Amino acid sequence: AMERSYVSVLLLLIVISCALAKDAGKKDSKDTTAKPKLPQTLSRGWGDQLIWTQTYEEALFRSKHSQKPLMIIHHLEDCPHSQALKKVFAEHKDIQKLAEKFILLNLVYETTDKNLAPDGQYVPRVLFIDPSLTVRADITGRYSNRLYAYEPSDISLLYSNMQKALKLLKTEL
């Protein structure tokens, strides 16, 4: 009887150590594969090395707590205008550098917040929100019928609007 209990304890130890090893192995492989992928899935190609938030709620929370303005890009994967803007945005070195000073969110769906569609739900459209959680409806593009739309040729205007969003922040807070 004595021998049998030894054997069962030994078996139990073997089973436990296997389970632990499996967990440890799983965790390591997951970490190494997940880290580079995460920003890319959230960036959706707008800047893979930038940190993107996942939801509007998270973005508002981070903006408020970091005192950084929030930049929201509404776009659609199958919209050629969105794709064209994304390409110049992602390749624009100065924009990518300046974007680090923002909380960033890009959305392929509409939120229930009507303030994010001051003049309609079109894409692509870019809105800025300051850390007091006020939508900066005064920072607009060049089209009077779609105030927050930008074409690839408007990329320098978008860049100066990003600067404006940061500047307003300094003078007002």
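This one's a predicted model, so the numbers in the text were calculated from it and none came from an experiment.
Counting all heavy atoms, side chain and backbone alike, Glu58 lies closest to Gln54 at OE1-N, 2.9 Å. The two residues Asp78 and Pro80 come nearest to each other via the heavy atoms O-CD, 3.5 Å. Heavy-atom minimum distance, Arg142 versus Leu157: N-CD2, 3.8 Å. Nearest heavy atoms, Ile129 versus Ile72: CD1-CD1, 3.9 Å. Nearest heavy-atom pair, Gly45 versus Ala90, reported as atom, atom and distance to 0.1 Å: O-CB, 3.4 Å. When every heavy atom of Ile139 is checked against every heavy atom of Tyr150, the shortest pair comes out as O-OH, 4.3 Å.
Applying the salt bridge (charged side-chain N to carboxylate O under 4.0 Å, His left out) test to pairs two or more places apart or on separate chains, those with a residue in residues 102-129 are Glu110-Arg125. Applying the ring pair (Phe, Tyr, Trp, His ring centres under 6.0 Å) rule to pairs touching residues 107-142 yields Phe102-Phe128, sequence neighbours excluded.
Other residues, nucleotides and ligands place no more than 12 heavy atoms under 6.0 Å from the CZ atom of Phe61. Counting non-hydrogen atoms of neighbouring residues, nucleotides and ligands closer than 6.0 angstrom, the NE2 atom of His81 reaches no more than 12 such neighbours.
Residues Thr53 and Leu104 form no side-chain contact, since every pair of their non-hydrogen atoms from C-beta on lies 4.5 Å or further apart. Val88 is not listed as a side-chain neighbour of Glu91, based on a closest heavy-atom distance of 4.5 Å or more. For the pair His75/Leu85, no side-chain contact is recorded, criterion being any heavy-atom separation below 4.5 Å from C-beta on. At a threshold of 4.5 Å between non-hydrogen side-chain atoms, the residues Asp154 and Leu158 do not count as touching. Between Glu151 and Tyr143, the closest side-chain pair of non-hydrogen atoms falls below 4.5 Å. In this structure, Pro131 and Gln67 have side chains that are in contact, with non-hydrogen atoms separated by less than 4.5 Å.
A tilted orientation is assigned to the rings of Phe89 and Trp52, their planes being inclined by 30° to 60°.
Under the 4.5 Å side-chain heavy-atom criterion for grouping Ile, Leu, Val, Met, Phe, Trp and Tyr, Ile95 is connected to Leu166 within one hydrophobic cluster. In the hydrophobic clustering of ILVMFWY residues, with side-chain heavy atoms under 4.5 Å counting as a link, Leu76 and Val126 come out apart. No continuous path of hydrophobic side-chain contacts links Met71 to Leu116 [ILVMFWY only; heavy atoms under 4.5 Å]. Hydrophobic clustering, with ILVMFWY side chains joined whenever heavy atoms are under 4.5 angstrom apart, groups Met162 together with Ile73. In the hydrophobic cluster analysis, where Ile, Leu, Val, Met, Phe, Trp and Tyr join through side-chain heavy atoms closer than 4.5 angstrom, Leu133 is grouped together with Tyr148.
For the pair Ser63 (side chain) and Ala59 (backbone), a donor-acceptor distance under 3.5 Å is absent. One N or O on the side chain of Asn106 and one on the backbone of Ser43 form a donor-acceptor pair closer than 3.5 Å.
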Self-check item: Intermediate values then yes/no, side-chain hydrogen bond (donor to acceptor under 3.5 Å, both in side chains), Gln49 and Gln96
Solution: CA-CA 9 Å; Gln49 68 295 337; Gln96 292 289 309; 2.9 Å; yes
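Once rounded to the nearest 0.5 Å, the distance linking NZ of Lys164 with CG of Asp138 reads 7.0 Å. One finds the CD atom of Gln163 at 9.5 Å from the NZ atom of Lys101 (value rounded to the nearest 0.5 Å). Atom-to-atom distance recorded for His92:NE2 and Ile155:CD1 is 6.0 Å, nearest 0.5 angstrom. A distance of 12.0 Å separates CG of Leu105 from CH2 of Trp46, quoted to the nearest 0.5 Å. Once rounded to the nearest 0.5 Å, the distance linking NZ of Lys68 with CD1 of Ile103 reads 5.0 Å. Lys64 contributes atom NZ, which lies 9.5 Å from atom OG of Ser132 (distance to the nearest 0.5 angstrom).
The side chain to side chain donor-acceptor pair (under 3.5 Å) check on Thr55 picks up nothing, with sequence neighbours excluded.
Salt-bridge formation is detected for the pair Glu77/Lys86: a Lys NZ or Arg NE/NH1/NH2 atom is positioned less than 4.0 Å from an Asp or Glu carboxylate oxygen.
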